[in-house]
Amino acid sequence: MPELPEVETVRRGLAEHIVGKKFKKIDVLHPRATSPKSIAALTSLTGARVKAVARRGKFLWFELDRPEVLVGHLGMSGQFVIQPKNAIDERHLRVRFTLGRHELRFIDQRTFGWLGVCEAKDGIPNWVEHIAADPFDPNFDLAKTISRFQSKRTEIKRALLDQGVMSGVGNIYADEALWRSKMHPETRTEKLATKRVAELITNATEVMSEALAVGGTSFDELYINVNGESGYFERSLAVYGQEGEGCPRCGRQIRRITFANRSSHFCPKCQPTPRSNGNR
DNA sequence: ACTAGCACCTGATCGC
DNA sequence: TGCGATCAGGTGCTAG
């Protein structure tokens, strides 16, 4: 579910509500909720105080008043919500952090999300090291990112979703960025001019910041912020989930194709099929 | 060293 | 009403 704008919305809510708070009690209610197994590592954070909440791409972490960090990923359906202590348990409640009068709850229907404890080096958790900077990161290196795209031997949509090339983009914003760039999702990366890659990165960054400005994209109750509120970018989507609808630019019917085990939505007129798809 | 494919889950929806 | 197939915002392992 959540891509960079949604995760950043959650991060801001967490920063607002729990920085300075202490984990008075931690209850793990589902074994898959905690990453590399250990429930013990998570519960060992009892008594820790939250100093900051950070993010790279779709990974979140809590900086604490101790050397370890609490790392989290929302997967497809993870949520962090702040609830009064006496609120009834949600159906998919996985971890409860008691803060005082309130609780921080980690809820996750599909259990692809996880929380875990690890060490950090230079402010980056070990488990996040393999993730490239996202375009909102002050350390984002545009030239290096472009050459990582160009050194791939695959379709551009796969490269956009590769969090080791550039992080933050998921299936929604990949399709939206490709539409804005008038680029077919199956365009081969090795054929792309530097200028085209730069345009694509700019468009991905712009569509994500527009989404962030309205709290992200919510199709249903699976994505909400820490206060349980939805985002409003769904109404601004040009192609994602718009199969059969008219392209906002030319009116042609939006198509959906499946590859890499997921759907890609595009306008067949604005984003024509690349003339040669490699050598077949 | 790479890339593509699939596994990991729960739940909603659609066609028969 | 029921049942199987398909789909859903992501990541990581592993077989080539």
Side-chain angles (χ1 to χ4, degrees), chain A residues 1-10 29-37 55-60 71-80 90-94 106-116 118 125-132 134 148-177 185-186 188-190 204 207-208 211-212 214-225 230-234 236-237 239-244 256-265 277-280:
Chain A
M1 143 235 132
E3 305 180 31
L4 188 149
E6 293 77 32
V7 178
E8 174 61 14
T9 302
V10 170
L29 308 172
H30 191 293
R32 274 179 57 89
T34 143
S35 171
K37 44 256 168 211
R55 181 190 58 72
R56 173 182 276 189
K58 307 169 197 171
F59 287 74
L60 280 169
V71 185
H73 197 288
L74 302 178
M76 292 285 265
S77 54
Q79 306 174 337
F80 276 115
E90 292 78 3
R91 180 159 177 203
H92 302 292
L93 178 61
R94 308 301 189 200
F106 182 66
I107 300 162
D108 188 13
Q109 179 199 102
R110 293 177 70 182
T111 71
F112 289 164
W114 51 266
L115 304 179
C118 76
N126 295 350
W127 294 346
V128 182
E129 249 185 339
H130 65 295
I131 299 299
D134 62 64
R148 279 197 296 274
F149 271 105
Q150 290 173 321
S151 63
K152 286 280 170 185
R153 296 289 175 269
T154 188
E155 299 100 342
I156 189 62
K157 172 86 184 265
R158 290 181 193 268
L160 256 182
L161 294 175
D162 185 336
Q163 306 295 299
V165 173
M166 176 175 99
S167 68
V169 176
N171 211 33
I172 299 178
Y173 301 111
D175 283 1
E176 295 297 312
E186 293 175 301
R188 298 294 307 186
T189 45
E190 55 267 46
V207 70
M208 289 193 292
L212 176 59
V214 294
T217 303
S218 302
F219 299 114
D220 50 38
E221 68 290 352
L222 284 188
Y223 164 66
I224 50 173
N225 69 13
S230 296
Y232 293 98
F233 197 68
E234 202 248 334
S236 307
L237 296 174
V239 286
Y240 186 87
Q242 309 300 310
E243 183 181 19
R256 181 173 74 92
I257 57 171
T258 305
F259 77 100
N261 282 323
R262 26 207 346 190
S263 292
S264 286
H265 311 74
N277 257 331
N279 28 349
R280 260 184 304 156

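Lettering follows sequence order; numbering is per chain, from 1. Here the structure is a predicted model, which is why all the values come from computation and not from measurement.
Contacts of Asp108(A) with the nucleic acid, taken as non-hydrogen atoms under 4.0 Å apart, are absent. In this structure, His30(A) reaches neither bases nor backbone, as no heavy-atom distance under 4.0 Å exists between it and the strands shown.
Separating the C1' atom of dG9(C) from that of dT3(B) is a span of 24 Å, rounded to the nearest Å. Atom name P, nucleotides dT11(C) and dA12(B): the rounded distance is 24 Å, in whole Å.
In summary, the aromatic rings of Tyr240(A) and Phe219(A) are positioned with their centroids under 6.0 Å apart.
Scored by the ring pair (Phe, Tyr, Trp, His ring centres under 6.0 Å) test, His92(A) finds no partners at all (sequence neighbours excluded). Scored by the salt bridge (Lys or Arg N to Asp or Glu O under 4.0 Å) test, Asp134(A) finds Arg55(A) as partners (sequence neighbours excluded). Scanning for ring pair (Phe, Tyr, Trp, His ring centres under 6.0 Å) contacts around Phe149(A) gives an empty result, with sequence neighbours left out. Among residues two or more places apart in sequence or in another chain, the ring pair (Phe, Tyr, Trp, His ring centres under 6.0 Å) test is passed with Phe112(A) by none. Taking the salt bridge (Lys or Arg N to Asp or Glu O under 4.0 Å) definition, one finds that Arg94(A) meets it with nothing, sequence neighbours left out. Partners of Glu129(A) under the salt bridge (Lys or Arg N to Asp or Glu O under 4.0 Å) rule, at least two apart in sequence or in another chain, are Lys121(A). For Lys58(A), there are no salt bridge (Lys or Arg N to Asp or Glu O under 4.0 Å) partners two or more places apart in sequence or in a different chain. Annotation: side chain to side chain donor-acceptor pair (under 3.5 Å) contacts of Arg262(A) (sequence neighbours excluded): none.
In terms of position along DNA chain B, the nucleotide closest to Thr154(A) lies nearer the 5' end than the nucleotide closest to the other residue of the pair Thr154(A) and Glu221(A). Mapped onto DNA chain B by nearest heavy atom, Thr111(A) and Ser151(A) fall at different nucleotides, with Ser151(A) at the one closer to the 5' end.
Of all nucleotides in DNA chain B, those with any atom nearer than 4.0 Å to a heavy atom of chain A start and finish, going 5' to 3', at dT3(B) to dG11(B).
Atom CG of residue Leu115(A) and atom NE2 of residue His73(A) lie 11.5 Å apart, to the nearest 0.5 angstrom. Interatomic distance, Leu93(A) CG to Gln79(A) CD, rounded to the nearest 0.5 Å: 10.5 Å.
Rounded to whole angstrom, the span from the CD atom of Gln109(A) across to the P atom of dC7(C) amounts to 18 Å. When rounded to the nearest whole Å, the span between CD1 of Ile172(A) and C1' of dG10(C) equals 12 Å. Between Met76(A) atom CE and dG12(C) atom P the separation is 14 Å, expressed in whole Å. Look at CZ on Phe219(A): it is 8 Å from P on dG9(C), rounded to the nearest Å. Going from atom OH of Tyr173(A) over to atom C1' of dG10(C) covers 15 Å, rounded to whole Å. Between the CH2 atom of Trp114(A) and the P atom of dC13(C) there is a distance of 11 Å, given to the nearest Å. The distance between atom CG of Asp220(A) and atom P of dG9(C), rounded to the nearest whole Å, is 11 Å. Atom OH of Tyr240(A) is separated from atom C1' of dA8(C) by 7 Å (rounded to the nearest Å).
An OP1 or OP2 oxygen of dG10(C) is reached within less than 4.0 angstrom by no side-chain nitrogen or oxygen of His73(A). In this model, the phosphate group of dT11(C) is approached by a side-chain N or O of Gln163(A) to a distance below 4.0 Å at OP1 or OP2. Dashed line: the shortest gap from a side-chain N or O of His130(A) to OP1 or OP2 of dT11(C) is not under 4.0 Å.
For residues 165-174 of chain A, no pair satisfies salt bridge (charged side-chain N to carboxylate O under 4.0 Å, His left out), with sequence neighbours left out.
For DNA chain B, the stems formed by at least three consecutive Watson-Crick or G-U pairs, with both atom-pair distances below 3.5 Å, span B:2-8 with C:10-16, B:10-16 with C:2-8.
Of the residues listed (Leu212(A), Ile172(A), Val214(A)), the one engaging Phe233(A) in a side-chain contact (heavy atoms from CB on, under 4.5 Å) is Val214(A), and it is the only one.
DNA chain C is contacted by Arg256(A), Arg262(A), Ser263(A) of residues 256-265 of chain A, taking any non-hydrogen atom closer than 4.0 Å.
Candidate nucleotides dT11(C), dG12(C), dG9(C) were compared by shortest atom distance to the side chain of Lys58(A), and dT11(C) ranks first.
Between Phe112(A) and dG10(C), a base-stacking contact is recorded: ring centres under 5.5 Å apart, planes less than 30° from parallel.
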